[in-house]
Participant: 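Quick one: the structure is below, and I'll ask about it shortly.
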2 protein chains.
Amino acid sequence: MRTPATPNHLDQTLLALADPTRRAILQRLAAGETRVTELAQPFAMSLNAVSKHIRVLERAKLVRRRREGREHLLSFTPKPMDEAARWMEAQRANWTTRLQALDDLLQEEDRAAAASAPPHPKGRTR
Amino acid sequence: MRTPATPNHLDQTLLALADPTRRAILQRLAAGETRVTELAQPFAMSLNAVSKHIRVLERAKLVRRRREGREHLLSFTPKPMDEAARWMEAQRANWTTRLQALDDLLQEEDRAAAASAPPHPKGRTR
DNA sequence: TTGATATTCAACCCAGAGGTTGAATGATGC
DNA sequence: GCATCATTCAACCTCTGGGTTGAATATCAA
C-alpha cells in the first residue's frame, strides 16, 4: 500500500522514531552534540548503517548536522517530536471526550429511568 | 538496515502511526466503533488495502476487533499511544534538563566572572 | 437453495528500508 | 607530498510496506 507521493512531517517523524537504533541515537544526542563515529560506536553494525540512520533522522529534522573540519557534529532538534506529541495528545483528547459523552448519556438515561420508575424513597441519592 | 528480528511495542506503534491513512482510520474510530467497509469508504483505495492497514493497527494493538455476524466492528485502543506519548515526554524531559544544566553552568560562570572582575557596586543583585 | 453482502486469503508488483562491502572525498598531521 | 582519519557515495542484497486483482469463506435474506 503505497503511502502518498509526498509523505508529510508527521509521517517522517514517526517513521524515523519507529526504530530502536534511531531512538537510541536520539537518546544519546539528548546528552549533547556528538560525532558520527562516536555515535556509531556502541552499535553492532557498520558505520555506514549508522550513517544511513542518521540521514533518516535528518530527513525528519529530528537531527541537525554541523560540519567542523572533517568531523560532523550531530545534535537533537526537538520540534518535530513536539508536533508528534501534540498529535497524540489531540487524538487522546478526542477519544476521551467521546467516552465522556457516552458516559454522560448513560447517566442521563439512568436519571430519566429513576424519575419515571418510582423506587425513589426521598433521601436515598448517594 | 534490517531492524532486530523482534520489533518491540514502540516500534510497532510508531510504525503504525507513521501513515496518514492509518491515522485517519484511528481518528474515525475515536468517534466510535465502525465496520470495515464503512471505514474504507472515504479512501481512494481498495477495500483490501484498508483491510491491510487495519491489520497493521491491530498488530500494534491500537485497534480491537469484535465480530458480529459477518460484520467486523473495529474500535480504538488508546494504551499503546499512551506509551508512545510517554516515551516522547521522557525524551523531551531528558533534553530540556540537559539544556537547563547548560544554562545553569553559563549563569554560574557569569557570576564567577562578576565576582572576580570588580564592576560590582554594593546593592545591584536584583 | 440461492444469491447478495462483508470480509479475508493468496498471489503478485514495485518502491523503499535496513544492512553489507568497497571505493571516493576531504581534512589533518607530519 | 603522504599516510591517516572521518565521513559519505555507490552498488548490491533481502525483507517488508503499500498497493492491486481475483478467489475463498461466512453470514444474511429470500
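Numbered from 1 within each chain, the chains take letters A, B, ... in sequence-line order.
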Participant: Taking 4.0 Å as the cut-off, does a side-chain nitrogen or oxygen of A:H72 come that near to OP1 or OP2 on D:dT8?
Facilitator: yes

Participant: Closest approach to the side chain of A:A49, judged atom by atom: which nucleotide of D:dT8, D:dT21, C:dG19 is it?
Facilitator: C:dG19

Participant: Round to a whole Å and report the spacing from CZ of A:R59 to P of D:dT8.
Facilitator: 16 Å

Participant: In whole angstroms, how far is the P atom of D:dC28 from the CD atom of B:E71?
Facilitator: 9 Å

Participant: Could you say whether A:L15 or A:G69 is positioned toward the 5' end of DNA chain C, judged by the nucleotide with the nearest heavy atom to each?
Facilitator: A:L15

Participant: Whole Å only: how far is the CG atom of B:D11 from the P atom of C:dA17?
Facilitator: 16 Å

Participant: In whole Å, I'd like the distance from the CG atom of B:N48 to the C1' atom of D:dG22.
Facilitator: 9 Å

Participant: It should be established whether B:S51 places a side-chain nitrogen or oxygen under 4.0 Å from OP1 or OP2 of nucleotide C:dT8.
Facilitator: yes

Participant: With respect to the side chain of A:R65, which nucleotide from D:dC5, D:dA11, D:dT8 is positioned closest?
Facilitator: D:dT8

Participant: Answer with yes or no whether A:R70 presents, from its side chain, a donor or acceptor under 3.5 Å of a partner atom in the base of C:dT28.
Facilitator: no

Participant: For B:E83, I'd like to know if atom CD has over 12 heavy atoms of other residues, nucleotides or ligands within 6.0 Å.
Facilitator: yes

Participant: Report the nucleotide, chosen from C:dC9, C:dT20, C:dA6, that has the shortest atom-to-atom distance to any side-chain atom of B:R55.
Facilitator: C:dC9

Participant: Salt bridge check, A:E58 against A:R55: does any charged N sit closer than 4.0 Å to a carboxylate O?
Facilitator: no

Participant: Does any donor-acceptor pair link the side chain of A:K52 with the base of C:dG19 at a separation under 3.5 Å?
Facilitator: yes

Participant: Taking A:R28 first and then A:E38, would you say they form a salt bridge - that is, a charged N and a carboxylate O separated by under 4.0 Å?
Facilitator: yes

Participant: Look at the side chain of A:V36 and decide which nucleotide, out of D:dT8, D:dG19, C:dA17, has an atom nearest to it.
Facilitator: D:dT8

Participant: Does a side-chain N or O of A:R35 approach OP1 or OP2 of C:dA27 to a distance below 4.0 Å, or not?
Facilitator: no

Participant: Would you please confirm or rule out a distance under 4.0 Å between OP1 or OP2 of C:dG19 and any side-chain N or O of A:H53?
Facilitator: yes

Participant: Heavy atoms, side chains only, cut-off 4.5 Å: are B:R23 and A:W87 in contact?
Facilitator: yes

